[in-house]
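These notes concern the structure reproduced below.
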Amino acid sequence: MDTTRIQMEQTVSQSPGNLVSDMDGEKVMLSIQSGKYYNLGKVGGRIWELIAAPVQVAAVVDSLVDEYEVERSDCEAQVLAFLEHLQGEQLIQIA
């Protein structure tokens with residue numbers, strides 16, 4: 001499993017083979033590959049929506065800073081940590 005640090009200028013996208021559903025405003029996902037369930041939460045679900053098509057990590061942060069009251073530095077740290085977790089679970093692709 002690849003757990004290299006994700007950089008802001010890299011492109012990220014969803015890996016295929018995951019079933020995602022909305023439950024009370026939060027996204028939940030089943031990985032067909034691993035059989036694991038994930039609760040992405042509200043913000044995690046929003047990130048998941050933003051990476052439906054390949055997008056630069058910085059653009060994901062830009063969108064979230066526009067949508068939520070959050071400092072850019074905090075948002076960057078949280079997005080990178082979230083994406084690295086998804087990467088560790090093989091749920092995203094990084095280019």
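This structure is a prediction, so every number in the text was calculated from the model and none was measured. Excluded from the calculations below are hydrogen atoms, water molecules and symmetry mates; all remaining heavy atoms, backbone and side chain alike, are included.
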Test Q78 against V43 for side-chain contact (heavy atoms from CB on, under 4.5 Å), laying out the working first. CA-CA 10 Å; Q78 294 295 320; V43 177; over 6 Å; no
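- Separating the CD1 atom in I92 from the OG1 atom in T11 is a distance of 11.5 Å, to the nearest 0.5 Å.
- Of all the heavy atoms in V20 and M29, the pair that sits closest is CG2-CG, 3.8 Å.
- For K42, the side chain to side chain donor-acceptor pair (under 3.5 Å) criterion is met by no residue, not counting sequence neighbours.
- Between the CZ atom in R5 and the CD atom in Q10 there is a gap of 11.5 Å [rounded to 0.5 Å].
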Please set out all donor-acceptor pairs under 3.5 angstrom arising from side-chain atoms of residues 48-57, sequence neighbours excluded.
unit_1 : atom_1 : unit_2 : atom_2 : d
E49    : OE1    : R46    : NH1    : 3.0
E49    : OE2    : K27    : NZ     : 3.0
Q56    : NE2    : E9     : O      : 3.0

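- Contact record, S15 with Q90: OG-O, 3.7 Å, taken as the closest heavy-atom pair.
- Criterion: ILVMFWY side-chain heavy atoms under 4.5 Å apart, direct or through other members. Under it, M23 and Y37 are not part of a common hydrophobic cluster.
- Within the 4.5 Å cutoff, the side chain of I47 has no heavy atoms near those of the L40 side chain.
- For D74, the side-chain contact (heavy atoms from CB on, under 4.5 Å) partners are V70, E71, not counting sequence neighbours.
- Taking every heavy atom of both residues into account, Q93 and Q14 meet most closely at OE1-O, 4.2 Å.
- Residues M8 and L80 form a side-chain contact, since some pair of their non-hydrogen atoms from C-beta on lies under 4.5 Å apart.
- Residues Y38 and N18 fail the side-chain proximity criterion, which asks for heavy atoms closer than 4.5 Å.
- When the side chains of ILVMFWY residues are joined at heavy-atom separations under 4.5 Å, either directly or via intervening members, V79 and I94 end up in a single hydrophobic cluster.
- No donor-acceptor distance shorter than 3.5 angstrom exists from the side chain of E26 to the backbone of G45, with no hydrogens or angles considered.
- Side chains of D62 and R72 form a contact here, defined as non-hydrogen atoms less than 4.5 Å apart.
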